[in-house]
Number of protein chains: 2
Amino acid sequence: MADQPKSDKINMKALAKALDVSIATVSKALRDSHDIGPETKLKVIEAAKKLNYVPNAYASSLRKKASNTIAIIIPEIADSFFSQAINGIESVVAVKKYHTLIYLTHDSYEREAYMFGELASGRVDGVIMSVASNTEDTSHIKALQQTGIPIVFFDRVFDDLKSVKITTDDFNSAYIATNHLLEAGCKNISLITIKGYPSILSAREQGYREALTEKGIDVHEGNVVTCSNKYNNENVDVIAAHLTAQKPDGIIATVEHLATSTYLACNELKLNIPRDIKVVCFTNQITAPILNPPLTTILQPAFDMGKQAAQLLFDHLAGRTEDTKKEIVLPSKLVARESTAF
Amino acid sequence: MADQPKSDKINMKALAKALDVSIATVSKALRDSHDIGPETKLKVIEAAKKLNYVPNAYASSLRKKASNTIAIIIPEIADSFFSQAINGIESVVAVKKYHTLIYLTHDSYEREAYMFGELASGRVDGVIMSVASNTEDTSHIKALQQTGIPIVFFDRVFDDLKSVKITTDDFNSAYIATNHLLEAGCKNISLITIKGYPSILSAREQGYREALTEKGIDVHEGNVVTCSNKYNNENVDVIAAHLTAQKPDGIIATVEHLATSTYLACNELKLNIPRDIKVVCFTNQITAPILNPPLTTILQPAFDMGKQAAQLLFDHLAGRTEDTKKEIVLPSKLVARESTAF
DNA sequence: TTTATTTGCTTAAACGTTTAACTAAATTGG
DNA sequence: CCAATTTAGTTAAACGTTTAAGCAAATAAA
C-alpha cells in the first residue's frame, strides 16, 4: 500500500516510461496482441496491476468509437414492471461487461426528446426504451436511429416505427381478464385506465371491448374511466364517483397504481371485494397475494421482456442484424385470486 | 429533412469547413466564448443546428477531464425504497444535466468490488452508493476515494469509512416500532430479519432490544429470526415454523419482502392479524394501505435520502467540500394501520 | 502620430487511447 | 549462405474536443 504512488493518476505513458517500452507496447500487451512477446506481456501486466493502472474509458471509447454503454429510457422507475424489466436488462448487460445509463422521462415527451438529443453524442452504442405516455411525434427517435444507433423498444412501443420490439399480448390479456370477470358473474364491467401509451392501453381497451361485444354486451361509454397517471387521491375520488354512478360489478384496472386507488375507493364506499365488485389489475406487485382481498392480476413477463430486449440489442451490436425488425410478443398470465372469486 | 446529409456523423471539423472558419472558432462559438464576435457566433450556432451537430461526449470528457456522469451503485432495484431513492437522485441529476450510470450489486461483494475497479477509469465524476449486504472489506471503496472521486453513501453505509452519509434513524425507528407493539398489548415480540447490512440491520435490532430491555423484558434469543434475503417460499416456512414454536404476538419485519412472507405465514397458520398477532414492517410499498389487513409501516424518506445524497455529491463536485464528512440522518415515520390495531 | 489595448480569429498542443505502417533483428527455407 | 519470412517491437497518426498562445487588424490612449 505505502509504496504506491499517492494519487497522480497513472496512464499508459507513465506505465510505458516505468517499463522503458513504448506506449504502443503497453497498449498491445494489455490487449493481448500477437505483436508482443510473452515475457514483455507479463512484465506489462504485472506493472499495470502493481501501479493500479486502469485505462481511461473515454480515451478508449473515443478512439474505438464504441462506448460499451447502453441507455435505458423509461417513463418511471418506482413501478414493479419497470424495475423488474431493468433487472432483466441488467442480467444481460452485466455479463457483457457493458455499462448502463438510465434516463427517466416521467412521461414527458419534452424530456424524452431532449434525452434523445443527448444520446447522439456517441455516449451509447444502443438504446432500450419504453416510450413516454404522450409521445406522438417520433422524429427524435428516427433521428437517433439514422445515426446508426440501434434502439430496442419494450412494452410501450410505437406501431409506426420499424424496429425491434418486445411486447406482451395486451389485447389478449385484457380479453382474458374480461372473460374471467364475465365467468365470475359480472354483468357490468368497467375499465379504469389512464390517458396515453396508445400501444398498450388502447390494446387493453380493445381487448376489453372485444370480449364484451363478442358476448353481445354493449360497451357503455361511461364504463371506460380515465384517471390521471399520478398516484394520488384524486384518482380515488374519480373512481369512487364512477362506482357510485355506474355501479359496476367488475373492474379492470389497466395500470399498477390504479389497483391501490380502486381498492381505496371500494373501501370508502364500503363495497366488498369480491362480493359487491370484482377487481383485476395489470400489475407485477409482489404484494398482490396479501392484499385485502388478494388481487387477481395480469402478470407481465417483465424480467424476460427486459432480458430479451437486451439480448436482441446485443445481437444487433454484434452485427447480427438480420432480424432488425423482429417483433416479439411474450404472453402475460392471469393469476386468479380472491378479488375475482365467484 | 431531405437536404440534410444522410448519416456521415458531423463533427467540429466538418462544421468548421462548411463555415470556412477554424475548429477553434466553432468550439468557442458554441461555448459562447468572449473570443468570438456576435455575428460569427450566430452563424456557427445556426449551422450547428441545421447540420444537426452534436458534440462528441467522450472527446469532451477526455479533454476536460470531467464526465458529467455519476454512478449509482445499489444492491437491488426491484424494491420500493431503492426505486424511490433513485427518483430522488434523478430529480437532482436531471436539472444538472448530468448522466447516471446504474450498477446493481445484487448484494454481492465481488460484483461491488469489480464495479469499483471499473469506475477508476474516469467514467464518472462521483458515486452514490448503498453497500452490499456482505461487504466487509472496504479497500475497493477507499481505493476509488483515493483517486479523488467523491462517494456519497446512503442507507446502507459503512461506519468505519469517512465520507458523506445519508441515513435514516434505524435504531430509533425500531425502538418506536417496538414500543408501538408494546402499547398495542404485545407481550412476546419477535424480530424477523436477514443477515447482512450491519449498519442498518444491527441498528434496527438494537432499537428493538433496547425498547424491550428498557421495559424490563428479556429478549429471548429465539425471538430473533434470520431469513434469507431472497424473496421465496423458504422464508415463509421459516417464519411459519417460528410462529408455531415461539407463538409471538408481535412481529417486526426489518426488510420489505419479509412483510409479504410474514403475512403469508400467518395466513397459512390461520393467524388473524392483528387479533392473534400484530405486524409492523420497514417498507415503502404503496400497497401497504390495501393489504389484508392494512400494514403498519416504518416509512423511510427514500426520495429525500436520494435527493440529499445527490445534492451533497454535487456540492462536493462544485468544490464545496467543507462538509466532506457530513452525516445526515433523516427521520423515518411510523404509519400506524390496522395490522397493529389494539 | 505612435504606442498600447482590445477584438476576433487561427494555430497547435493536449487529453489517453488504439492501430496502421514501419523497422531491425531473428528465424526459416532453398 | 543469402533471400524471404516471422517476431517483437517502435513511431506517429488518429479519434473529436478544448484551450493556451499567438497574431493581425481595429480601436483607444498618450
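None of these values were measured; they are calculated from a predicted model. Letters A, B, ... are given to chains in the order of the sequence lines, protein chains preceding strands, and every chain is numbered from 1. Hydrogens, waters and symmetry mates play no part in the numbers below; they use all other heavy atoms, side chains included.
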(message) At 4.0 Å (heavy atoms only), tell me whether A/T40 reaches a base, stays on the sugar-phosphate, or touches nothing.
(response) sugar-phosphate
Give the nucleotide from the list [options] with an atom nearest to the side chain of [X].
| X | options | answer |
| --- | --- | --- |
| B/Y53 | C/dT18, C/dG16, D/dT17 | D/dT17 |
| B/N11 | D/dG9, C/dC15, D/dT17 | D/dT17 |
| A/S60 | D/dT17, C/dC9, C/dT17 | C/dT17 |

(message) Taking the nucleotide of DNA chain D with the nearest heavy atom to each, does A/P38 or A/A24 sit closer to the 5' end?
(response) A/P38
It should be established whether [X] places a side-chain nitrogen or oxygen under 4.0 Å from OP1 or OP2 of nucleotide [N].
| X | N | result |
| --- | --- | --- |
| A/K65 | D/dG16 | yes |
| B/K28 | C/dT10 | no |
| A/S22 | D/dT11 | no |
| A/R31 | C/dT17 | no |

(message) Looking at A/K307, I want to see if its NZ is surrounded by more than 12 non-hydrogen atoms of other residues, nucleotides or ligands under 6.0 Å.
(response) no
(request) Answer yes or no: does atom CG of A/D137 have more than 12 heavy-atom neighbours from other residues, nucleotides or ligands under 6.0 Å? (result) yes
(message) Pick the closest DNA chain C nucleotide for B/K41 and for B/A59 by heavy atoms, then say which residue is nearer the 5' end.
(response) B/K41
(request) Indicate whether the side chain of A/D155 and that of A/Y197 have a donor and an acceptor atom separated by less than 3.5 Å. (result) no
(request) Classify the side-chain pair A/S121/B/N56 by whether it contains a donor and acceptor separated by less than 3.5 Å. (result) no
Please give, in whole Å, the distance from [N] [atom2] to [X] [atom1]?
| X | N | atom1 | atom2 | result |
| --- | --- | --- | --- | --- |
| A/M12 | D/dA14 | CE | C1' | 15 Å |
| A/R63 | C/dT19 | CZ | P | 6 Å |
| A/N56 | D/dC15 | CG | P | 18 Å |
| A/D35 | D/dT7 | CG | P | 10 Å |
| B/R123 | C/dT17 | CZ | C1' | 13 Å |
| B/K43 | C/dC9 | NZ | C1' | 11 Å |
| A/I23 | D/dA14 | CD1 | P | 17 Å |
| A/K64 | C/dT19 | NZ | P | 7 Å |

(request) Using atom types as modelled and distance alone, determine if a side-chain donor or acceptor of B/N134 lies under 3.5 Å from a backbone N or O of B/Y109. (result) yes
